[in-house]
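What follows is a set of notes on a single structure, which appears directly below.
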2 protein chains.
Amino acid sequence: MRLAQQLDYTPNKMAVSLRKRKSDVIGLVLPRVEHYFFSTILKGIISSAQKDNFAVILSESSHIPQKESELIGQLIGMNVSGIILAPCRNEIDNSYIRIMEKNNIPIVLIDRTPKNYQGHFVKMNDFHGAEIAVTHLIQQGYKNIAHIRGHEYSSNAEDRFQGYCNALKIGGLDYNPALVKTCEFVNKEEGYYFTKELLLSGNKPDAIFTVTDEVALGVYKALEEFGLNIPADVGVMGYSNSLVSNYICPRLSTIDQPGIRMGETAYEFLRSALDDEKRIRQKVFEAKLLIRQSSVHHHF
Amino acid sequence: MRLAQQLDYTPNKMAVSLRKRKSDVIGLVLPRVEHYFFSTILKGIISSAQKDNFAVILSESSHIPQKESELIGQLIGMNVSGIILAPCRNEIDNSYIRIMEKNNIPIVLIDRTPKNYQGHFVKMNDFHGAEIAVTHLIQQGYKNIAHIRGHEYSSNAEDRFQGYCNALKIGGLDYNPALVKTCEFVNKEEGYYFTKELLLSGNKPDAIFTVTDEVALGVYKALEEFGLNIPADVGVMGYSNSLVSNYICPRLSTIDQPGIRMGETAYEFLRSALDDEKRIRQKVFEAKLLIRQSSVHHHF
DNA sequence: ATGAAAGCGCTAACAT
DNA sequence: ATGTTAGCGCTTTCAT
C-alpha cells in the first residue's frame, strides 16, 4: 500500500469496468446545454451523481432527433450504466430502446415523454400549469387571450395548449383559432413576429400566454414598439420561470419549473433501476403559478 | 458483418480503451454548471467535442479546491485523454499536475490561471476589461467610483481590481480604499449589502463597478431602496454580460465574455496537445465594452 | 488467510 | 491476405 502511494498508483477504471461489466458512468442527453432550464436539470443530476461517485457523460442533441439517436448509440457503445434523456420529440427511436433492453441499460426520460410512455420518467404537469396560468389571466379580467404555442411534436407544447383550451372553456370564453399561433423554433424572434401579426389582425388580443418565457421576451419587444402598456393594455404570461423573467420590466408572470429537483429525481430513478429495482418509476411535478407584474390588471 | 448487424453488435469501448490505452473521453471540471458563463463555455466545448466524436465527462467543483482535486483524481482514474479545468482558485493542486505529466494527460485551464502559469490556457484580459469599463465611467463624468470586487484568490477579481486602479490613475482620480469592498461569495446578496454600506458611509459613490453582473443585481436593489436613480444619481457597470444584464431596467452596461468561443478554443488546444503537439498554447481574449443604459450620464 | 490463474472484449503483433 | 495469439489491468474464482 505504501509503495502504491509512493508510485502515485491510480487504479485503471477501464480495466475495472471491463472486468465488472459495469461502469459507474451514466449518459445524459440534453437538447441544449446552455439553456437555463436544462442547466438546472443538469445541475440536479450532476450534483446527485457526484455524491454517488458516478460520472456523467454529457451530450447535446441540438433538438435534432437523428443526432439524439446517434448520441444514445454512442453512449451505449461506451458501456454507460444508464441514460437520462431529455428527448427533443414526442417519439423516441425504438431501435435503441431494443438494444438498451437487451444490454440491460435503463433509461429515464426527463421533461418530455411520448404519449402513454410506460418507462421511467420525470416531467411537469404542463396541462395544469397552462390551465392555472390562463385561469389567472381570466380572473384578472382579460377576455381575448392569445396563445403563442410550440410545435405539436413537443408534448409540453401540446399539453400547454390543451390546458389553455380547458381554462378558456372553464372560464366561459370561446376558443378562437385566430388567437393561436404556432412557433417553428420556440424563441424570442418568433414571439416578436407573432405578436405583431396578432396586433395587426382584426382581432387584437388583450393578453398573450406564451409557451415559454423566451417567447415572451419577443412579445415584450413587439408590444413596446406598438406603444402598448403591459399589463394595462395587454397582459403577458410566460412559462418556465427563466432567470430573466424575474428582472425584465415589468416582471413577467410565469410558471415555475423546479429543474434541479427534476434532475435529482431523474437521477434517483435511474439509480434505483441500476440497483435492479424492477418497478417503473414516474413522477409528475405540479406546476406553480408565479404572479408578478405582467399579468396584474388593475382596471376592471 | 451482416451477422454483427443482425445481433445488434456494438463494440465495447471499455475493451478498446483498455487495449489502446486511450479513451476519446475528456474530462471537464467547472465550478458551477448552471452559471450562465460556464454554461456557454460548456456549450463551446461540448459542441466541438461532438464534432470529433469525443465524449465529455462533466463534473462540478462547487468552488471547493479540495473537491476540484478529488474530481481531477477521479478523471485521471477514468483514463480520460485530457482535462479542461476552470479552476476555482489561483492555485491548482500540484500533486495532480505531477500525475498528469507522468501519465501524459494534458490539461488546459480556462477562465482563470495561477500567476505566471506555463501550461495551456484560455482566458479573458480582465485587466483591460476593467480598465475600459472604469475609463468609460470616468468619461461619463462620474468622479467617485466604487468597486465591489471578488476575492484575491480569484485571478480575475484581482486583475479587474488592478484594471480599476489603473483606470483611476490614468483618469486622474485618486484611489480611495474606502470605496473598495471585497465579496466573500460573489453574489447579489453581497452586492446589496456592500452597496448599502457604501451609501451609508460618509463618502457616497456616484458610480459602482462590480466584479460581476450578478453582484450588480444586488446593487440595483439597494439603489432602488434608497430611491436613487440609475444612471442619473449612481452609474452602474457590471462584468460578464449575463443574460439578465440585457433585460434588467435600466439595461446594465457590462463587459462581454465570449464563453462559447473560449470553450471551443480550450477544446482545440486540448486536441492539439492530444495529437502530440508539444507547443504550449495560450490565448487571451480581448474584453469588449457594452455600453447600455446604466452608465450613460446625461447631466454633465 | 494468502496466492495463482482465468478471463472480461478487444487490438496489435506475429505467423502462416 | 488470412488466421492466431498475447496481453491491456483489473476482479473473481479456485487452490493452497
Side-chain angles (χ1 to χ4, degrees), chain A residues 1-27 49-50 52-57 59 69-83 95-107 270-271 273-276, chain B residues 1-27 49-50 52-57 59 69-83 95-107 270-271 273-276:
Chain A
M1 289 309 290
R2 181 178 302 148
L3 189 66
Q5 197 135 31
Q6 274 176 10
L7 298 172
D8 292 329
Y9 170 79
T10 39
N12 183 329
K13 287 244 184 188
M14 308 266 102
V16 176
S17 303
L18 182 61
R19 181 68 241 237
K20 288 197 183 169
R21 292 140 153 273
K22 57 185 275 269
S23 64
D24 289 10
V25 175
I26 65 169
Q50 246 160 243
D52 268 7
N53 279 314
F54 264 64
V56 2
I57 295 182
S59 50
S69 296
E70 279 168 25
L71 290 169
I72 292 175
Q74 281 170 31
L75 289 170
I76 295 170
M78 306 192 78
N79 281 6
V80 295
S81 301
I83 290 177
S95 59
Y96 284 113
I97 299 292
R98 203 179 72 240
I99 298 179
M100 293 178 70
E101 273 171 8
K102 196 159 128 185
N103 293 28
N104 210 21
I105 301 174
I107 184 168
L270 187 63
R271 272 317 305 274
L274 255 23
D275 291 344
D276 275 324
Chain B
M1 287 310 289
R2 180 177 301 147
L3 189 65
Q5 198 135 31
Q6 273 176 11
L7 299 171
D8 292 329
Y9 169 78
T10 39
N12 184 329
K13 287 243 185 191
M14 309 265 100
V16 176
S17 304
L18 183 60
R19 182 65 240 238
K20 288 198 181 170
R21 293 136 152 272
K22 57 186 276 269
S23 63
D24 288 8
V25 176
I26 65 169
Q50 244 159 246
D52 269 6
N53 280 314
F54 264 65
V56 2
I57 294 182
S59 51
S69 296
E70 279 168 25
L71 289 169
I72 292 176
Q74 281 170 31
L75 289 171
I76 295 171
M78 305 193 79
N79 281 5
V80 294
S81 301
I83 291 177
S95 59
Y96 284 113
I97 299 292
R98 204 179 70 239
I99 298 179
M100 293 179 69
E101 274 172 8
K102 197 159 128 184
N103 294 26
N104 208 21
I105 301 173
I107 183 168
L270 188 63
R271 273 315 306 274
L274 255 24
D275 292 343
D276 275 325

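Each chain gets a letter, A, B and so on, in the order the sequences are listed, and its residues count up from 1.
Along DNA chain D, the stretch of nucleotides lying under 4.0 Å from any heavy atom of chain B spans, 5' to 3', D/dA6 to D/dG9.
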Residue pair A/Asn79, B/Lys13: steps toward the side chain to side chain contact (heavy atoms under 4.5 Å, CB included) verdict: CA-CA 7 Å; A/Asn79 281 6; B/Lys13 287 243 185 191; over 6 Å; no
What pairs of nitrogen or oxygen atoms, one from the protein and one from nucleotides 3-7 of chain C, lie under 3.5 Å apart?
| unit_1 | atom_1 | unit_2 | atom_2 | d |
| --- | --- | --- | --- | --- |
| C/dG7 | N2 | A/Arg19 | NH1 | 3.3 |

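Residues A/Ile72 and A/Met100 have side chains in contact (heavy-atom distance under 4.5 Å, counting atoms from C-beta outward). The side-chain heavy atoms of A/Ile26 and A/Val80, taken from C-beta on, include no pair separated by under 4.5 Å. With a 4.5 Å cut-off on side-chain heavy atoms, A/Ile76 and A/Ile105 count as touching. Proximity of B/Val25 to A/Met78: side-chain heavy atoms (C-beta onward) are separated by under 4.5 Å at one or more points. Counting heavy atoms from C-beta on, the side chains of A/Ser59 and B/Gln50 come closer than 4.5 Å.
With B/Asn12 contributing its side chain and B/Met14 its backbone, the two residues share a donor-acceptor pair below 3.5 Å.
For the OP1/OP2 pair of C/dG9 and a distance below 4.0 Å, the side-chain nitrogens and oxygens of A/Arg21 include at least one atom meeting the criterion.
Rounded to an integer number of Å, the gap from NZ of B/Lys13 to C1' of C/dT11 is 14 Å. Note: NZ (B/Lys20) to P (C/dG9) measures 18 Å, nearest angstrom.
Here the closest heavy-atom approach between residue A/Leu274 and residue A/Ser81 is recorded as CD1-O, 3.2 Å. Residue A/Leu18 comes nearest to B/Ala15 through the heavy atom pair CD1-CB, 3.7 Å, listed as atom of the first residue, atom of the second, then distance. In plain terms, the two heavy atoms of A/Ser17 and A/Ser23 that are nearest each other are OG-CA, 3.7 Å.
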Pair pattern of DNA chain D in dot-bracket, where unpaired bases get dots and | marks partners in another strand, Watson-Crick or G-U under 3.5 angstrom: |.||||||||||||.|
